[in-house]
Amino acid sequence: MAVLVTGGAGYIGSHTCVELLNEGEQLIIVDNFSNSKPEVLDQIRTITGKDFLFYKADLLDREAIRKIFAENAVESVIHFAGLKAVGESVSLPLWYYHNNITGTLILCEEMQRAGVKRMVFSSSATVYGMNNPVPYREDMPTSATNPYGWTKVMIEQILKDLYTADPSFSISILRYFNPVGAHESGLIGEDPNGIPNNLTPYIAKVAKGELSKLTVYGDDYDTEDGTGVRDYIHVVDLAQGHLSALKKLRTETGVSIYNLGSGKGYSVLEVVKAYEEASGRPVPYVIGPRRAGDIASCYADPEKAKRELHWQAQKSLYDMCRDSWRFTEKK
Ligand code: NAD
Ligand code: WQD
């Protein structure tokens, strides 16, 4: 019996595949490479010394997805595949809704058809919207400020409705905070095309000398040093959270929601300092205006995952910066 991983060639998916293979799981990866490269699959094989099945397919291609279920004994699905750029989702909302929501609907329909009833889904802290107080708890109301975020809010609802209609499903909704870092081998990591939007990929390019300076988006927030505070989580910790969620899924039915964060917030300037220390390179910055849609602070209450999944983040901000830098240097 195998675990089907959608989006397994992507940033979080590839790290999770490494952890799953190391645990002895049989894997099938499906990806359309819309935001990843085929080389990642070889890197997963190199790191683990293990093999897996791969299908180059789009979740929107129902026949291709049906064929995967027909040809394999799939026991559960970890569903990463989706588009994730917030700004792009504002300019291309229909593409985001179609890819993320229709892709998930087709996947769920084909799972149901094949009798596969276990799913781990990649949600996001973005579903806490702008109005909840920190730290965020799983029972707080959800909302979004952009189409990307709405796809996560809507898919969470779709999965809850699916379980209500078919209680033999077992679904784990994981709300990731800010995933950063890379595998310690330096062979896989986050490698966005063009100029990065997110903080650590941008800092990495400044440290490497490919970009001249970071613009800090606002220093007048109600935080200790005035810059935005986020809950950064090492991608390998995050990957291990999926193993814990999968183990739990195998013992019960239901829908459970978990924050995967460290519970601790760091400011932009603290991240800059940690990256400078870990890389030994300067990260020049200027203070700019606030970025539209940003909030002052975002961090998790991680207690539910600790209690029910027996999982908690282990790695420090320094570890995240060191591993991001190792990957960046090797590129
Ligand atoms: P990523 O873009 O690196 O990985 C997503 C993968 O899915 C890519 O390899 C892409 O090619 C594939 N894909 C996209 N649409 C597809 C489709 N229709 N059919 C087949 N493959 C498709 O992103 P990531 O950072 O690894 O994120 C994984 C998941 O976690 C996403 O659902 C994302 O929304 C969610 N998430 C990410 C973050 C983050 O900051 N990285 C935070 C919270 C949630
Ligand atoms: C972090 C902090 C910025 C870039 C995003 C998505 C969210 C989730 C994770 C998917 C903020 C500041 C950033 C820069 C800066 N993704 N910053 N200069 O916005 O917390 O979350 O990724 O679900 O949905 O919105 O992450 O890395 O963009 O920003 O000062 O050049 O760094 O203002 O305080 P964010 P980020």
Side-chain angles (χ1 to χ4, degrees), residues 5-16 29-38 40-41 55-61 64-65 78-87 89 95-96 98-104 106-107 121-128 144-146 148-149 151-152 155 174-180 188-193 195-203 205-206 211 213-219 221 223 227-233 235 238-239 242 260-261 265-269 271-272 285-299:
V5 183
T6 77
Y11 173 47
I12 305 167
S14 58
H15 289 80
T16 304
I29 299 179
V30 52
D31 204 299
N32 65 359
F33 297 129
S34 58
N35 196 38
S36 53
K37 300 191 182 88
V40 170
L41 302 175
Y55 288 83
K56 181 173 187 298
D58 196 309
L59 287 189
L60 299 172
D61 180 351
I65 302 307
I78 307 186
H79 177 31
F80 294 102
L83 300 168
K84 64 163 181 178
V86 171
S89 81
W95 189 38
Y96 269 67
H98 188 53
N99 189 77
N100 292 6
I101 295 182
T102 313
T104 302
I106 290 174
L107 177 67
F121 172 64
S122 303
S123 190
S124 166
T126 196
V127 304
Y128 290 109
T145 53
N146 56 71
Y148 165 73
T151 69
K152 296 298 181 191
I155 293 169
L174 304 181
R175 294 179 179 160
Y176 313 151
F177 281 69
N178 288 56
V180 300
I188 52 174
E190 189 173 19
D191 190 11
N193 294 328
I195 296 181
N197 296 307
N198 295 115
L199 182 63
T200 54
Y202 199 104
I203 290 180
K205 282 193 185 291
V206 174
L211 292 169
K213 58 181 182 306
L214 171 75
T215 300
V216 176
Y217 296 142
D219 68 349
Y221 284 107
T223 62
T227 67
V229 165
R230 296 291 182 273
D231 184 338
Y232 296 95
I233 172 154
V235 66
L238 192 62
H242 292 72
L260 294 189
Y266 288 101
S267 73
V268 175
L269 295 182
V271 177
V272 168
Y285 65 85
V286 291
I287 305 293
R290 291 182 178 192
R291 181 172 65 178
D294 273 358
I295 50 176
S297 293
C298 166
Y299 52 91

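Just so we're clear, the structure is a prediction, and the values are computed from it rather than from any experiment. Both counts, for ligands and for their atoms, begin at 1 and track the order of listing.
- At least one heavy atom of Ser123 sits less than 4.0 Å from an atom of ligand 1.
- The structure places CG of Asn99 at 4.0 Å from CG of Leu83, a figure rounded to the nearest 0.5 Å.
- Shortest contact from atom 5 (C) of ligand 1 to any protein heavy atom: Gly82 O, 3.9 Å.
- Each of the following atoms of ligand 1 lies closer than 4.0 Å to a heavy atom of Ser122: 29 (C), 30 (O), 32 (O), 35 (C).
- The closest approach between any non-hydrogen atom of Glu190 and ligand 1 is not below 4.0 Å.
- Taking the six-membered ring for Trp and the full ring otherwise, the centers of Phe121 and His242 sit at least 6.0 Å from each other.
- Atom CZ of Phe80 and atom OG1 of Thr16 lie 3.5 Å apart (nearest 0.5 Å).
- The protein heavy-atom contact nearest to atom 8 (C) of ligand 1 is Asp31 OD2, 3.6 Å.
- Atom-to-atom distance recorded for Thr227:OG1 and Tyr221:OH is 9.5 Å, nearest 0.5 angstrom.
- Sorted by first then second residue, the side-chain hydrogen bond (donor to acceptor under 3.5 Å, both in side chains) pairs that include residues 288-298, not counting sequence neighbours, are Asp220-Arg290, Arg291-Asp294.
- Checking only distances, Gly7 never comes within under 3.5 Å of ligand 1, N or O to N or O.
- The shortest N/O to N/O separation between Phe80 and ligand 1 falls below 3.5 Å.
- For ligand 1, the atoms sitting less than 4.0 Å from at least one non-hydrogen atom of Ser34 are 10 (C), 11 (O), 13 (N), 14 (C), 15 (N), numbered in the order shown with element in parentheses.
- By the side chain to side chain contact (heavy atoms under 4.5 Å, CB included) test, Val235 pairs with Tyr11, Ile12, His15, sequence neighbours left out.
- Scanning the protein heavy atoms around atom 37 (C) of ligand 1, the nearest turns out to be Ile12 CD1, 3.7 Å.
- There is a side-chain donor-acceptor pair under 3.5 Å between His79 and Thr104.
- Ligand 1 has an N or O atom lying under 3.5 Å from an N or O atom of Ser36, backbone or side chain.
- Put simply, the side chain of Lys152 gets close to the backbone of Ser122: a donor and an acceptor are under 3.5 Å apart.
- In this structure, the separation between OH on Tyr96 and CD1 on Ile101 is 13.0 Å, given to the nearest 0.5 Å.
- Remark: minimum distance from atom 3 (O) of ligand 1 to any protein heavy atom is reached at Tyr11 N, 2.8 Å.
- Counting only heavy atoms of the protein, atom 2 (O) of ligand 1 lies nearest to Asn35 ND2, 2.7 Å.
- In this structure, atom 25 (O) of ligand 1 lies nearest to the protein heavy atom Lys84 NZ, 2.8 Å.
- Scored by the side chain to side chain contact (heavy atoms under 4.5 Å, CB included) test, Ser36 finds Ala9, Asp31, Phe33 as partners (sequence neighbours excluded).
- Which of Asn32, Leu83, Leu174 comes nearest to atom 17 (C) of ligand 1 through a heavy atom is settled by distance: it is Asn32.
- If you number the atoms of ligand 1 from 1 as listed, the ones under 4.0 Å from a heavy atom of Ala57 come out as 19 (N), 20 (C).
- Summarising the geometry of Gly82 relative to Asn100, their closest heavy-atom pair is CA-OD1, 3.4 Å, with the distance given to 0.1 Å.
- For atom 40 (O) of ligand 1, the nearest non-hydrogen atom of the protein is Pro179 CD, 3.3 Å.
- Looking at Val5 and Val30, their side chains never come closer than 4.5 Å, going by heavy atoms from C-beta outward.
- For the atom pair CG of Asn178 and CG of Leu199, the computed distance is 8.5 Å after rounding to the nearest 0.5 Å.
- If you number the atoms of ligand 1 from 1 as listed, the ones under 4.0 Å from a heavy atom of Phe33 come out as 11 (O).
- Numbered from 1 in the order shown, with element, the atoms of ligand 1 that lie under 4.0 Å from a heavy atom of Asn99 read 15 (N), 17 (C), 18 (N).
- A 4.5 Å side-chain heavy-atom check between Tyr232 and Val271 finds at least one atom pair inside the cut-off.
- Taking every heavy atom of Tyr148 and a limit of under 4.0 angstrom, the matching atoms of ligand 1 come to 33 (C), 34 (O), 35 (C), 36 (N), 44 (C).
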Show your working on side chain to side chain contact (heavy atoms under 4.5 Å, CB included) between Tyr176 and Ser123 and close with a plain yes or no. CA-CA 6 Å; Tyr176 313 151; Ser123 190; over 6 Å; no

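- Residue, atom and distance of the protein heavy atom nearest to atom 4 (O) of ligand 1 are Gly10 CA, 3.4 Å.
- For the pair Arg230 and Tyr299, the cation-pi test (distance below 6.0 Å, angle within 45°) is failed.
- Within 4.0 Å of ligand 2, protein heavy atoms come from Val86, Ser124, Thr126, Tyr148, Asn178, Asn197, Asn198, Leu199, Leu214, Thr215, Val216, Tyr217, Gly228, Arg230, Tyr232, Val268, Arg291, Asp294.
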